[in-house]
2 protein chains.
Amino acid sequence: MEPAARRTYRRESEETRRADLITATQELVAEGGPEAATVRAIAARAGVTAGLIRHYFQSKDELTRAAFVSLMDGMTAKGADALEGVGAQPEERLAAFVSASLRPPVMDVGAVVLWAGYMHKVRNDPALRLAHEASYLAYRNILQSLIAALPREATEAQQRAEAIACNGLIDGLWLEGSVLTHAFAPGEIVTIGLRSVGAILGVDLIAHSAMLPDPGKILP
Amino acid sequence: MEPAARRTYRRESEETRRADLITATQELVAEGGPEAATVRAIAARAGVTAGLIRHYFQSKDELTRAAFVSLMDGMTAKGADALEGVGAQPEERLAAFVSASLRPPVMDVGAVVLWAGYMHKVRNDPALRLAHEASYLAYRNILQSLIAALPREATEAQQRAEAIACNGLIDGLWLEGSVLTHAFAPGEIVTIGLRSVGAILGVDLIAHSAMLPDPGKILP
DNA sequence: CGACAGATTATCCAAACGTATAACAGTTGG
DNA sequence: CCAACTGTTATACGTTTGGATAATCTGTCG
């Protein structure tokens with residue numbers, strides 16, 4: 001057999017290559033679960049050969065960790081982004097935060113599958129457990145600060161409990177809304193989330209969500 | 001080389017063997033994630049050899065499906081069991097159901113990891129998606145019937161929305177309470193769950209949970 | 001423009017995977 | 001107590017996996 005032609009390639013910066021490999025890993029896990037993310041499949045999607053993974057990451061496990069941390073950071077960042085460009089009224093800000101978490105691109109079945117695919121590693125790998133916990137607390141603290149800004153009387157302990165409750169509610173709705181897409185009407189999850197968070201906190205968020213995009217008219 | 005000594009064995013009933021293999025699969029996925037549940041590991045834990053799996057299941061995938069269905073059925077069954085032997089008062093029954101879902105053995109990190117490990121198969125495999133959806137609806141319908149029994153005025157549409165909300169809240173708290181065990185005080189999740197479900201529905205569940213086991217004194 | 005450094009590819013490897021099948025042995029009915 | 005049945009084991013196969021190493025190409029700097 002004659003020697004195969006060696007493929008041409010471009011040298012890229014370290015950050016580019018690492019980002020490409022991380023993105024490829026996330027996409028594959030989101031699409032086909034953890035077992036679909038083999039070193040060969042990751043390399044193929046990133047447009048490189050398998051050996052390059054070990055050039056940038058000590059092992060596949062390290063790439064896996066990096067991909068998870070990137071996922072979690074991205075999700076909280078997207079939530080916080082929703083607070084930019086919204087008014088200063090506390091109820092309005094909270095409503096914006098809640099509804100952003102219950103809409104695409106945060107509410108997405110691929111994101112759920114990706115997140116779920118890492119659960120057992122979160123349990124067993126101390127570094128991942130730390131990253132997961134930090135990300136959870138970061139999100140909850142944003143929530144708690146939004147709650148604290150509401151015009152109500154409430155102790156800090158009560159605000160903590162309310163933040164835990166709202167966080168759980170949002171997470172559960174995010175999960176079910178993402179996976180059971182066609183079990184709910186368009187915008188139903190957002191409306192239910194706003195109403196329930198409002199009920200838990202004793203404020204009316206629906207009335208303050210008028211400025212936000214219509215839940216029923218979200219583009220795919 | 002002389003022939004290896006053949007291991008002695010007992011013939012078991014089909015149901016026993018199938019249950020053993022399913023249990024072994026669930027334990028392995030819960031402990032080490034989906035990739036730990038190889039045919040050889042499953043067989044070893046079930047006390048048989050690998051070939052037997054194919055005698056009872058057409059493929060490993062079919063065993064996987066059976067294990068997931070068994071998991072979901074078991075979880076909803078455990079929730080419904082909590083309604084046995086509790087009083088007839090609606091608030092008390094709802095409180096029992098909620099708190100059972102937020103305690104061991106339902107609230108357990110192994111259960112979460114096991115459930116999460118199947119998420120991507122739920123997405124891709126139509127049979128599993130159906131099973132998952134049926135299980136979700138079964139749980140939610142129990143919840144909705146408990147809500148409908150409360151002494152309140154509420155339309156059916158409103159009860160449906162409330163059931164979705166409470167289901168999401170319970171699922172989210174189940175998830176976080178299971179994975180982030182040491183981030184919460186003992187019984188804190190149960191208390192928050194009862195208070196928040198009460199807030200969403202406009203009833204006081206804490207007052208009606210006095211008969212239930214003390215959340216702070218659950219045995220491991 | 002030529003040489004150097006290292007980014008990238010190509011190739012190889014041992015281990016583990018799911019599956020297939022033949023041989024064996026426990027169980028059951030006559 | 002033997003014969004048929006089938007649950008179960010043992011063994012082998014072809015594929016794929018993550019990891020390691022050698023060869024080579026690309027961009028850069030003197």
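By convention in this document, chain letters (A, B, ...) are assigned in the order of the sequence lines, proteins followed by strands, and residues within each chain are numbered from 1. Bear in mind the structure is a predicted one, so any value in this text is a computation, not a measurement.
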Nearest whole Å is fine: how far is [N] [atom2] from [X] [atom1]?
X: Leu52(B); N: dT6(D); atom1: CG; atom2: C1'; value: 11 Å
X: Glu35(B); N: dT16(D); atom1: CD; atom2: C1'; value: 15 Å
X: Asp20(B); N: dG7(D); atom1: CG; atom2: C1'; value: 14 Å
X: Lys60(B); N: dC17(C); atom1: NZ; atom2: C1'; value: 8 Å
X: Phe57(A); N: dG18(D); atom1: CZ; atom2: P; value: 15 Å
X: Glu62(B); N: dT19(C); atom1: CD; atom2: P; value: 11 Å
X: Leu28(A); N: dG18(D); atom1: CG; atom2: P; value: 11 Å
X: Ile53(B); N: dG18(C); atom1: CD1; atom2: P; value: 8 Å

How would you summarise protein contacts on nucleotides 20-30 of chain D per nucleotide, using B for base, S for sugar-phosphate only and - for none, with heavy-atom distances below 4.0 Å?
S--BBBBS---
Give a yes/no answer on whether the side chain of [X] brings an N or O atom under 4.0 Å of OP1 or OP2 in [N].
X: Tyr56(A); N: dA7(C); answer: no
X: Thr49(A); N: dA10(C); answer: no
X: His55(A); N: dA7(C); answer: yes

When you measure from the side chain of Arg45(A) to the backbone N and O of Thr23(A), does any donor-acceptor pair fall under 3.5 Å?
no
Tell me whether Thr181(B) contacts the main-chain N or O of Ser178(B) through its side chain, where contact means a donor paired with an acceptor under 3.5 Å.
yes
Which comes earlier along DNA chain C counting from the 5' end, the contact point of Val48(A) or that of Ala36(B), where each point is its nearest nucleotide?
Val48(A)
Select base, sugar-phosphate, or nothing to describe what Glu14(A) touches, counting heavy atoms under 4.0 Å on all strands.
nothing
Hey, does Arg40(A) reach any base, or is it just sugar-phosphate, or nothing, if we go heavy atoms under 4.0 Å?
base
Is it true that [X] and [Y] make a salt bridge, defined as a side-chain N closer than 4.0 Å to a carboxylate O?
X: Glu176(B); Y: Arg140(A); answer: no
X: Glu62(B); Y: Arg54(B); answer: no
X: Glu162(B); Y: Arg195(A); answer: no
X: Glu12(A); Y: Arg18(A); answer: no

Salt bridge (charged side-chain N to carboxylate O under 4.0 Å, His left out) filter on Asp171(B), not counting sequence neighbours, yields none
